[in-house]
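For this chain, numbers begin at 1 and follow the sequence in order. Just so it is clear, the values below take in all heavy atoms, side chains as well, and ignore hydrogens, waters and symmetry mates.
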Amino acid sequence: MGAESNVRLLRELCLHGRHISATQLAERSGLVRNSTRNALNSLRQHGLVVEEGTDGTRLFRFNSEHPLGDSIGQLFGAESEGFKISSQG
């Protein structure tokens with residue numbers, strides 16, 4: 001679960017906060033499509049990502065109800081705030 005691609009997608013899903021397509025996730029995270037799909041599959045297997053829709057319109061979102069959901073959300077939220085503060089300073 002700690003692969004860099006998994007962390008990058010989790011970060012994007014947490015900060016995005018809504019449903020998002022695999023293509024958009026790939027663009028936002030800088031991953032190639034195949035790496036994005038593999039990471040999404042891994043995160044889904046761990047219950048951290050929920051997939052909804054049909055084959056032509058699959059969308060993904062962070063599963064905030066996962067037992068680690070609050071901790072993961074707080075981690076990426078704090079990370080994001082830290083980047084904002086350091087870029088202002």
Exercise for the section: Tell me, please, which residues at least two apart from E65 pass salt bridge (Lys or Arg N to Asp or Glu O under 4.0 Å). Expected result: none

Exercise for the section: Examine I20 and V32 and state if one hydrophobic cluster contains both, with Ile, Leu, Val, Met, Phe, Trp and Tyr joined whenever side-chain heavy atoms are less than 4.5 Å apart. Expected result: no

Practice task
May I have all residue pairs that pass salt bridge (Lys or Arg N to Asp or Glu O under 4.0 Å) and include part of residues 12-35, sequence neighbours excluded?
Solution key: E12-R28

Completion exercise
Output for pair (H66 NE2, L43 CG), nearest 0.5 Å, gives 10.0 Å

Exercise for the section: Only counting residues at least two apart or in another chain, list the ones meeting salt bridge (Lys or Arg N to Asp or Glu O under 4.0 Å) with R37. Expected result: none

Exercise for the section: For L75, check side-chain contact (heavy atoms from CB on, under 4.5 Å) against everything at least two apart and list the hits. Expected result: none

Practice task
Would you indicate whether the side-chain heavy atoms of F60 and L40 approach each other to under 4.5 Å?
Solution key: yes

Problem - Gap between atom CG of L9 and atom CG of L25 - 0.5 Å precision - result: 5.5 Å

Exercise for the section: Taking the side chain as every heavy atom from C-beta outward, state whether L48 and N63 have any pair of such atoms under 4.5 Å apart. Expected result: no

Problem - Approximate separation, where rounding is to 0.5 Å, of S29 OG and L13 CG - result: 9.0 Å

Handout entry: salt bridge (Lys or Arg N to Asp or Glu O under 4.0 Å) partners of R61, counting only residues at least two apart
Key = E52

Handout entry: Side chains of I72 and C14 in contact at under 4.5 Å (non-hydrogen atoms)
Key = yes

Practice task
Determine, stepwise, if the pair F62 / V49 fulfils side-chain contact (heavy atoms from CB on, under 4.5 Å).
Solution key: CA-CA 5 Å; F62 174 65; V49 170; 5.7 Å; no

Practice task
Apply side-chain contact (heavy atoms from CB on, under 4.5 Å) to S21 and list each qualifying residue two or more places apart in sequence or on a separate chain.
Solution key: T23, Q24, L59

Exercise for the section: Please report the closest heavy-atom contact between T36 and A26, naming both atoms and the distance. Expected result: OG1-CB, 3.3 Å

Exercise for the section: Give a yes or no answer on whether the side chain of S35 reaches the backbone of L31 with a donor-acceptor pair at less than 3.5 Å. Expected result: no

Practice task
Would you please name every residue forming a side chain to side chain donor-acceptor pair (under 3.5 Å) with N41, sequence neighbours left out?
Solution key: R44

Exercise for the section: Report the distance from atom CG of L10 to atom NE2 of H46, rounding to the nearest 0.5 Å. Expected result: 10.5 Å

Completion exercise
Taken in chain and number order and not counting sequence neighbours, the residues that satisfy salt bridge (Lys or Arg N to Asp or Glu O under 4.0 Å) with E4 are R8

